[in-house]
Structure formats: structure tokens, C-alpha cells
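Data first, discussion second: the structure below is written as C-alpha cells.
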Amino acid sequence: MSAMGKKKKILAISSPGGHWIQLNKICNEMEEHFDVVYATAGTQYGSQKSHRKIHNIMDASADSKLKLIPLALQLLLIMARERPSAIISTGAAPGAIAVLIAKFLPIKTIWVDSIANVAKLSRSGDMVKSHANLVITQWEPLSDGKKIHYQGSVL
């Protein structure tokens, strides 16, 4: 907690599905110490835990490049409204866009690459590895000991 007793705010962002499941496994424990606000695509996630604040964002990917522009605007507005001190993402496109936007703002970023990427970083992880403040892989052989760190697996 800060000097005034207020928890620092973290914006947790991911694509739906497996990325969302991994993000929840990471952030469940963080909710005790931080004010965690979520952003993901899909209205079904808003009803999972009623105490959570979940922003519904556009679903976009590298295969739907035109959707990346409105997604970026949505994320910028959420960041302006929520004013997080950090962003954490497990991927894919929404997290990558958030990391790139946060680079121009005073927001620290953590990228946790998906456990599904055994042989190399994900496409999004590779894109943000030089922009995120911390990049974590869930496979020890993918760690380079400098920019990409192994801290164990989430699952």
C-alpha cells in the first residue's frame, strides 16, 4: 500500500480463452495486495467474479489488423480512466498493444508469455520483448538471462 493507504492499481489485459485463464491464475493472488482492474474481449467474463472490474474490449489479432486501431483507442481510454501504475499481460494482441501504448506513458509493463509457446516466444511476445519492462517465459530454455526471464510456469 502507498503512504496514504491506497493500493496501487494494476491493469491486467489479455485475449479471451487460454490467455485469460493464465492471467487469472497470476492475478488472483495479486488482488489481495493491489487494486487489479481487468480488460479482455467477451462479455461472458464480466460475470465470473462480481467484485472484479472488467472492461470489455474489442477482440483483435494480427489476422484482423483493422481492428487493432479501435482496440488501441479503447485501451488508451481505459488507461487514461484507470491510471494504473503497472500493466500485466499474458497476451496476445490486446496485451501487446497495451505494452506499446504504455511505453509512451509512465506505466510499467510485465509480459508473461503463454505456456503454449514451447519452442520460441509467441508472435506478440517477440514483438514486445524490447518494449516491456519485464518479459517472463514459462519455459526455461527460452530465457536469455537478460531481457527474457524464466520464473517458473503459471499452470
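Only a predicted model underlies this, so the values are computations on that prediction, with no experimental measurement involved.
I10 has its side chain out of reach of D35: every pair of non-hydrogen atoms, C-beta onward, lies at least 4.5 Å apart. The shortest side-chain heavy-atom distance between S85 and F34 does not fall under the 4.5 Å cut-off.
Taking 4.0 Å as the cut-off between side-chain N and carboxylate O, D126 and K129 count as a salt-bridged pair.
Under the salt bridge (Lys or Arg N to Asp or Glu O under 4.0 Å) criterion, D144 pairs with no residue, sequence neighbours left out.
In terms of modelled atom types and a separation under 3.5 Å, the side chain of T40 and the main chain of S14 share a donor-acceptor contact. Judged by distance alone, the side chain of T90 and the main-chain N or O of S114 form no donor-acceptor pair under 3.5 Å. Looking only at distances, no side-chain donor or acceptor of W111 sits under 3.5 Å from a matching main-chain atom of V99. Not one N or O on the side chain of H131 forms a donor-acceptor pair closer than 3.5 Å with the backbone of L100. A donor-acceptor contact shorter than 3.5 Å is absent between the side chain of N56 and the backbone of A41. Q138 contributes no side-chain N or O that, together with a main-chain N or O of V112, makes up a donor-acceptor pair within less than 3.5 Å. A donor-acceptor pair under 3.5 Å links the side-chain atoms of T109 to the main chain of N133, judged by distance alone. At distances below 3.5 Å, at least one donor-acceptor pair connects side-chain atoms of S64 with backbone N or O atoms of S61.
No more than 12 heavy atoms of other residues, nucleotides or ligands lie within 6.0 Å of CD1 in I69, so this atom counts as exposed by the packing criterion. Heavy atoms from other residues, nucleotides or ligands lying under 6.0 Å from NZ of K67 number 12 at most. K147 NZ: more than 12 foreign heavy atoms inside a 6.0 Å radius.
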Decide yes or no on side chain to side chain donor-acceptor pair (under 3.5 Å) for D113 and T137, but give the supporting numbers first. CA-CA 5 Å; D113 210 53; T137 178; 5.4 Å; no
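For Q74 and H55, the side-chain atoms include no donor-acceptor pair closer than 3.5 Å.
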